[in-house]
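Worksheet: one structure, shown below.
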Amino acid sequence: MLDAAAVLDFGKVTDRSSSLLPLEIEALCYQVGERRLIDRLDLRVDAGPVTVVMGANGAGKSLLLRLMHGILTSSSGRITWGGRELDQDVRRRQALVFQRPVLLRRSVAANIDFVLRQRGTGSRERRQQLLACAGLAHLAKQAARALSGGEQQRLALVRALAIEPAVLLLDEPTANLDPAATAAIEQIVRDVHRSGTKIIFVTHDLGQARRLADEVVFLHRGQVVEQTPAERFFDQPRSSQARDYLAGRIVI
Amino acid sequence: MQDFGQAIVLALHLVLAGNADLMEIVGLSLKVSLTAVFASCLIGLPLGAVLAISSFRGRGIVLVLLNALMGLPPVVVGLIVYLFLSNAGPLGWLRLLYSPAAMIIAQAVLITPIIAALSRQVIEELHDEYAEQFRSLCVSLPSAVAALIWDGRYSLVTVALAGFGRAVAEVGAVMIVGGNIDHLTRVMTTAIALETSKGDLALALGLGMVLMVMALVINAAVMALRLTAARFAYA
Ligand SMILES: Nc1ncnc2c1ncn2[C@@H]1O[C@H](COP(=O)(O)OP(=O)(O)O)[C@@H](O)[C@H]1O
Ligand SMILES: [Mg+2]
């Protein structure tokens with residue numbers, strides 16, 4: 001596989017993500033009917049570290065990610081990226097990889113081309129680079145939806161890279177994958193991070209969090225209960241909810 | 001029974017020998033209905049796509065109306081188009097009445113709601129799946145419409161074939177605006193109606209056979225298309 005950092009032009013852009021960061025969230029609420037699914041949430045995420053968002057099922061991780069990406073509109077509260085409101089310009093510099101890859105009913109190559117064309121930056125070389133980075137160059141002509149689960153997610157990931165995002169958001173991208181496929185995704189994510197792209201990675205998998213995280217944001221019932229550097233979080237979490245979660249106890 | 005058997009033999013003979021009258025009628029039928037389907041797709045597909053992905057007040061009412069229009073009786077469509085195209089009508093100056101063009105217009109009016117309503121269903125299903133990804137990528141509305149139509153191409157071709165099936169088999173609309181004029185506006189269905197009433201069962205039966213074979217071929221094509229799409233994971 002081609003190194004994703006090389007594809008993203010490592011070195012040219014140490015400031016790739018800095019203009020969009022810090023991400024600042026104040027008193028964010030997302031309400032459906034009477035239920036506050038995200039409840040007066042405050043969070044600040046700085047440029048640099050791989051930020052891993054953890055929390056039990058239903059804690060609000062996916063909602064939070066969609067809200068910060070702007071594909072879901074909050075009920076109240078404020079989200080700014082590098083001091084700027086979440087407008088089209090800001091959104092176009094972020095990419096989101098979903099838990100279940102949404103691939104177009106086209107060939108592998110056409111999936112990449114679609115995104116490149118959206119940004120008016122398409123070229124054959126670029127597409128081949130991205131495919132090589134996912135180890136899919138030899139499958140370029142195949143139907144994307146006939147790929148294996150791991151291959152589909154790798155394609156979704158490099159397709160997200162086609163927009164050269166300043167911030168890459170990932171929502172449990174390996175939840176449905178086996179260990180080898182998971183390792184491949186994690187390796188690409190590390191390379192992307194090395195190129196200067198900010199990573200915000202949602203996972204409920206402890207092992208994965210240990211492997212990737214520089215800092216951990218722990219979510220519980222729609223609130224951030226702690227934000228701790230990784231080296232401390234796994235041994236000495238501050239919140240009781242995180243402690244219970246790490247100990248494998250059920251937190252409700 | 002003797003007559004009936006004779007009629008079938010004669011009909012088969014007409015079809016297999018490629019009788020000139022019969023071929024002319026079949027050819028005009030195909031020309032009119034295929035053109036009508038093409039025009040309907042040009043209007044109906046984008047309309048279906050836009051209805052599938054947009055939300056506005058009164059969308060529900062529009063969908064109910066569209067679904068109701070799917071069941072328009074051909075004679076009513078024929079009558080309405082006749083009123084528009086007749087000398088006294090608003091489009092009378094075009095002098096299209098009793099021409100193939102009038103028949104194309106009538107059939108297009110008949111099946112555009114079908115194409116729009118069915119493609120709306122197909123595309124809405126697809127859009128449910130793509131919506132978040134498209135929003136994440138900031139895909140513009142025209143790009144989204146084009147992408148959805150392209151990605152739904154296999155299902156949408158079956159929609160077009162359904163429209164063609166309806167157009168080529170209807171009698172009422174083409175009878176009223178075409179007039180069933182020999183060598184000019186006589187198509188399979190109007191010819192069958194006329195020849196049967198005149199008692200010329202052979203030609204009617206021959207045309208009926210062609211029409212049935214066409215229906216079979218269309219359905220087989222739809223099935224083959226579905227299988228192909230599934231096999232290549234484009235469905
Ligand atoms: N559109 C919605 N309507 C109602 N409830 C929702 C909706 N979306 C999410 N939820 C609820 O919000 C909670 C948080 O969801 P989510 O962010 O998906 O959790 P997770 O942390 O597992 O990703 C869950 O209890 C879920 O059932
Ligand atoms: Mg989730």
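Below, all heavy atoms of this structure are taken into account, side chains as well, without hydrogens, waters or symmetry copies. Here is how names work: the chains are called A, B, and so on, in the same order as the sequence lines, proteins then strands, and each is numbered from 1.
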Interface moiety of A:Arg66 toward chain B, non-hydrogen atoms closer than 4.5 Å: side chain
Start with the C-alpha distance between B:Glu132 and A:Leu96, add both sets of side-chain angles, then the distance that settles side-chain contact (heavy atoms from CB on, under 4.5 Å), and finish with yes or no. CA-CA 10 Å; B:Glu132 276 201 318; A:Leu96 174 58; over 6 Å; no
Separation between CH2 (B:Trp150) and CZ (A:Arg105), nearest 0.5 Å, reads 14.0 Å
Under 6.0 Å from the CD1 atom of B:Ile61, do we count more than 12 heavy atoms belonging to anything else shown? no
For residues 54-61 of chain A, please give each side-chain donor-acceptor pair under 3.5 Å, one per line with the distance, not counting sequence neighbours.
residue, atom, partner, partner atom, Å
A:Lys61, NZ, A:Gly55, O, 3.0
A:Lys61, NZ, A:Ala56, O, 2.9

Can you name the closest pair of heavy atoms from A:Leu103 and B:Glu129 and give their distance? O-OE2, 4.4 Å
Around atom CE of B:Met23, are there more than 12 heavy atoms of other residues, nucleotides or ligands at under 6.0 Å? yes
Heavy-atom cut-off 4.5 Å, strictly under: side chain, backbone, both or neither for A:Val102 against chain B? both
B:Phe134, CZ: over 12 other non-hydrogen atoms inside 6.0 angstrom: yes
The interface call for B:Ala147 against chain A, heavy-atom contacts under 4.5 Å, is both
Take atom CD of B:Glu125 as the centre, draw a 6.0 Å sphere, and report whether it contains more than 12 heavy atoms from other residues, nucleotides or ligands. no
Part of A:Arg100 lying under 4.5 Å from any heavy atom of chain B: neither
Using non-hydrogen atoms only, which part of A:Ile163 is less than 4.5 Å away from chain B: side chain, backbone, both, or neither? side chain
Can you list the residues of residues 135-143 of chain B that sit under 4.5 Å from chain A, counting heavy atoms only? B:Arg135, B:Ser136, B:Leu137, B:Cys138, B:Val139, B:Ser140, B:Ser143
